[in-house]
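Chain naming here is simple, since letters A, B, ... match the order of the sequence lines and numbering starts at 1 in each.
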Amino acid sequence: MTTAGPTAPTSAPVLPVRTRLAMMLRLLAIQGAWNYETMLGNGIGFCMEPALRLLPGGVHAPAFKQALARESRYFNAHPYLASVAVGALARAELDGEAPERIERFRTALCGPLGSVGDRLVWAGWLPFCSLASLAVFGSGASTAAVVVFFLVLYNAGHLGLRFWGLQTGWSHGLRVASALGNPVLRQGPQEIGRLAALATGIAIPLALGRIIGPGRALLGGVLIAVALGAFLIVRLQSRVEGWRLSLVVLAAVVLYSVIR
Amino acid sequence: MIVLDLIPLALLGGLLGLDVVSFPQAMISRPLVAATLAGALIGNAASGLLVGAALELIALETLPFGASRYPEWGSASVVGGAIFASHPDHPPGSMVLAMLAALATTWIGGWTMVKLRRRNAVWAAARRPALDAGARGAVVSLQLLGMTADFARGAVLTAIAYLVLAPIANACVHLWTIDARVSRAIVVAIAASVAGGAAWKLFHSTPGARWFFVGGLAGGLFLLFAR
C-alpha cells in the first residue's frame with residue numbers, strides 16, 4: 001500500500017482484492033448494530049476495519065486505533081450509499097489526511113448520501129422491482145419465476161450500487177462529492193418513478209385478477225372498490241396508515257363472519 | 001403439526017427478520033419472497049406466493065426510510081404464508097385470516113425492532129470507552145451482537161406468533177360464514193387500495209408519472225379482460 005501526503009493524489013492506490021472483498025461483505029452488515037444514538041456509526045468502522053489494517057504498524061499501532069475510533073462515531077446515511085463513505089473515508093485515512101479534515105468531510109457526507117439513497121432506492125428502485133414482480137405474478141408466471149425475477153432484478157441494483165459506491169469512494173477519496181453528480185443519482189429517481197408508475201398501472205389489475213381466481217363476476221366491483229379505497233387512503237394519509245386501516249378492517253370482517 | 005412446523009419456521013423468521021435491516025437487506029424479507037418460502041416449508045409454495053402478493057401490495061406503503069418506524073414484514077410474512085399454506089384447499093376465510101395474522105405480527109415486529117435499536121444503543125454505551133480507544137474487538141463484537149439479537153428477535157417473534165395465531169386461524173376457518181370468493185375479493189380490494197394510495201404518494205410529484213400510470217392501467221386492464 002502506497003500512502004501519499006495530506007493532499008489527495010491524482011490516482012488511487014491499489015486496494016488488495018482480499019481487503020476489498022472483506023469490505024464488500026461487511027457492507028452487507030453495515031446496519032448490524034444500528035441504534036438511535038450512533039445510527040450507522042459502528043457499522044462504518046466495522047466496514048472500514050479491513051482497510052485500516054493497512055495503516056503503518058497494523059492493528060496494534062496508535063494510527064489504527066485512532067482511525068477506528070474516529071470512524072465508529074455517529075454517522076447516518078442510506079445503507080447502500082454508505083459504501084461511498086466507507087470507500088472515501090478509508091482512502092482518506094490511508095492517505096494520511098488530517099483528522100479534522102476527515103471529520104468535517106464525514107459530517108458533510110451524511111445528508112447527501114441519506115437523501116439521494118432514500119429517493120433512489122426506497123422511493124424508487126424497491127417499489128419499482130416490487131410492482132414489476134407483481135405484474136409478472138399477475139401475468140400467470142410460476143412461483144419460482146416470480147421470486148427469482150424479484151430477487152435478481154432488485155439485487156442487480158442493490159449489489160451494483162454498493163459495489164459502485166465502494167469503488168467510487170475509494171477512487172475519489174475526499175473529492176467524492178463530484179461523483180455524486182452521476183446522472184444515475186441525479187436523474188435516476190425520476191426515471192425510475194415513471195417506470196414504477198407504469199408498473200403500478202399494469203400490476204394492480206393483473207395481481208388482483210390472479211389472487212381472486214377464475215371468473216369475473218366480482219372483478220368489476222373490486223376494481224371500483226379499489227379506486228374508492230385508494231382515494232380514501234390518499235385523503236387520510238396524514239391521519240392513518242393504510243396497513244393499520246387494513247388490520248382494523250380485516251379484524252372487523254373476521255368478527256362479522258365468525259360471530260354472525 | 002403446528003409444533004413440528006415451528007422450528008423451521010422460527011429459523012426462517014429469524015433469517016428473514018435479520019434481512020429487514022441488519023443483514024444483508026437483499027429483500028428476501030419482502031412478503032412476495034418471505035411468504036413463498038414459508039409456504040414452501042409447509043409444502044405449498046404457490047399458496048405462500050398468493051398471500052405474499054396480497055401482503056406485498058400493502059407493504060408498498062411502508063418502506064424502510066432511515067430512522068422512521070415501520071412494520072417488520074419478514075417474520076410477519078412467514079407467519080401469514082405458513083398459515084395460508086397449511087390450508088392447501090383454500091377454504092373460505094383462510095386468506096383473510098392469514099392476512100390478519102401477518103398484519104398483527106408485522107405490527108408487533110415493528111415494535112420489537114424499536115426495542116432492539118434501543119438495546120443496541122445500551123450495548124454501544126457500555127462499550128463506549130473501548131470504542132473511543134479504537135478497540136477492534138469492541139467494534140466487531142457490537143456489530144455481531146446486534147445481528148445475533150436481531151436474528152433471535154425474528155425467530156422468537158415468528159415462533160410465538162405462529163404458535164398463538166395458527167390455532168386461532170384454524171378455529172375461525174371452521175366458523176367462517178362469508179363466501180370464499182367474496183372473502184378473497186375483500187382481501188384484494190383492501191390490499192390493492194393500499195397499494196394504489198402508496199403509489200400515488202410515491203410518484204404523484206414525478207413529472208409525467210400519472211400518464212405512465214394511466215397507460216399502464218389501460219394495458220393492465222386490457223390484459224386482464226383479454227384472457
Side-chain angles (χ1 to χ4, degrees), chain A residues 28-29 31-38 42 45-46 59 65-66 68-69 72 118 122-123 127 130 133-134 137 143 146-147 150 154-155 190 193-194 196-198 200-202 204-209 211-212 218 222 225-226 229-230 233-234 242-243 246-247 249-251 253-254 257-258 260, chain B residues 21-24 26-27 32-33 36 45-46 49 53-54 56 58 60-63 65 96 99-100 103 117 120-121 124 131-132 134 136 139 142-143 146-147 172 175-178 181 184-186 188-190 192-194 196-197 199-200 202-203 206 208-209 212-213 216-217 219-221 224:
Chain A
L28 298 175
Q31 296 200 116
W34 199 100
N35 63 76
Y36 294 113
E37 305 297 325
T38 59
N42 197 72
F46 176 71
V59 297
K65 292 179 188 294
Q66 285 162 10
L68 189 59
S72 303
D118 282 352
W122 298 152
S130 171
S133 305
L134 284 167
F137 161 78
T143 302
V146 175
V147 170
F150 172 75
Y154 181 79
N155 285 299
Q190 274 198 1
R194 290 190 192 103
L198 180 73
T200 306
I202 299 170
I204 289 182
L206 289 181
L208 68 82
I211 298 171
I212 290 178
L218 294 170
V222 170
V226 168
I233 284 169
V234 168
W243 73 272
S246 306
L247 181 63
V249 174
L250 287 175
V253 170
V254 170
S257 184
V258 170
R260 77 169 179 161
Chain B
V21 171
S22 299
F23 176 83
M27 296 302 144
L32 204 58
V33 181
T36 308
L49 178 66
E56 184 72 38
I58 296 178
L60 279 169
E61 192 200 35
T62 56
L63 298 163
F65 285 103
V96 177
M99 292 280 291
L100 185 60
L103 287 169
R117 289 168 168 193
N120 281 341
L131 293 171
D132 287 343
R136 187 177 165 222
V139 171
L142 181 60
Q143 206 73 7
M147 286 193 284
C172 289
L175 300 170
W176 198 262
T177 56
I178 300 178
R181 294 200 62 230
R184 264 199 204 195
I186 290 169
V188 172
I190 291 170
S193 298
V194 177
W200 185 87
L202 284 169
F203 312 124
T206 304
F212 277 81
F213 170 73
L217 189 62
L221 288 172
L224 181 66

Are any side-chain N or O atoms of [X] and backbone N or O atoms of [Y], one a donor and one an acceptor, separated by less than 3.5 Å?
X: A:T143; Y: B:A45; result: no
X: A:Q31; Y: B:F23; result: no
X: A:E37; Y: B:A124; result: no
X: B:T206; Y: A:G193; result: no

If every non-hydrogen atom of [X] is compared with every non-hydrogen atom of [Y], which pair is closest and at what distance?
X: B:A53; Y: A:F137; value: CB-CE2, 3.5 Å
X: A:G32; Y: B:N120; value: O-ND2, 4.1 Å
X: B:A189; Y: A:A225; value: CB-CB, 4.2 Å
X: B:Q143; Y: A:A33; value: OE1-CB, 3.5 Å
X: B:V139; Y: A:N42; value: O-ND2, 3.0 Å

Interchain contact, [X] with chain B, by part (heavy-atom threshold 4.5 Å):
X: A:V59; value: side chain
X: A:L28; value: both
X: A:S246; value: both
X: A:Y154; value: side chain
X: A:F46; value: both
X: A:Q66; value: neither

**OP:** Measure distances from B:L60 to the heavy atoms of chain A and classify the residue's part below 4.5 Å as side chain, backbone, both or neither.
**Re:**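 Looking at B:L60, just its side chain touches chain A.
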**OP:** Against chain A, label B:F65 side chain, backbone, both or neither, depending on which of its atoms sit under 4.5 Å from a heavy atom there.
**Re:**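 Both backbone and side chain of B:F65 come within 4.5 Å of chain A.
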Original post:
Relative to chain B, which of A:A251, A:G209, A:A29 shows the most heavy atom pairs under 4.5 Å?
Top reply: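 Highest number of heavy-atom pairs under 4.5 Å: A:A29.
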**OP:** Determine the option with the most heavy-atom pairs under 4.5 angstrom with chain B, choosing from A:I204, A:V147, A:V254.
**Re:**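 Among the listed options, the one with the most contacts to chain B is A:V254.
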Original post:
Are A:S130 and B:E56 close enough that a side-chain donor and a side-chain acceptor fall under 3.5 Å?
Top reply: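 Their side chains do contain a donor-acceptor pair, which is all the 3.5 Å distance test asks for.
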**OP:** Can you sort out the partners of B:T62 under side chain to side chain donor-acceptor pair (under 3.5 Å), two or more places apart, ordered by chain and number?
**Re:**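 Partners of B:T62 under the side chain to side chain donor-acceptor pair (under 3.5 Å) test: B:W73.
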**OP:** Only counting residues at least two apart or in another chain, list the ones meeting side chain to side chain donor-acceptor pair (under 3.5 Å) with A:N155.
**Re:**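 For A:N155 the side chain to side chain donor-acceptor pair (under 3.5 Å) partners, ignoring immediate neighbours, are A:H158.
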**OP:** Check whether any side-chain heavy atom of A:F150 sits under 4.5 Å from a side-chain heavy atom of B:V33, and report yes or no.
**Re:**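 When only atoms from C-beta onward are counted, B:V33 and A:F150 do touch, with a gap below 4.5 Å.
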Original post:
When heavy-atom pairs shorter than 4.5 Å are enumerated against chain A, which of B:L175, B:L100, B:L63, B:I58 gives the highest number?
Top reply: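 Maximum pair count with chain A is reached by B:L100.
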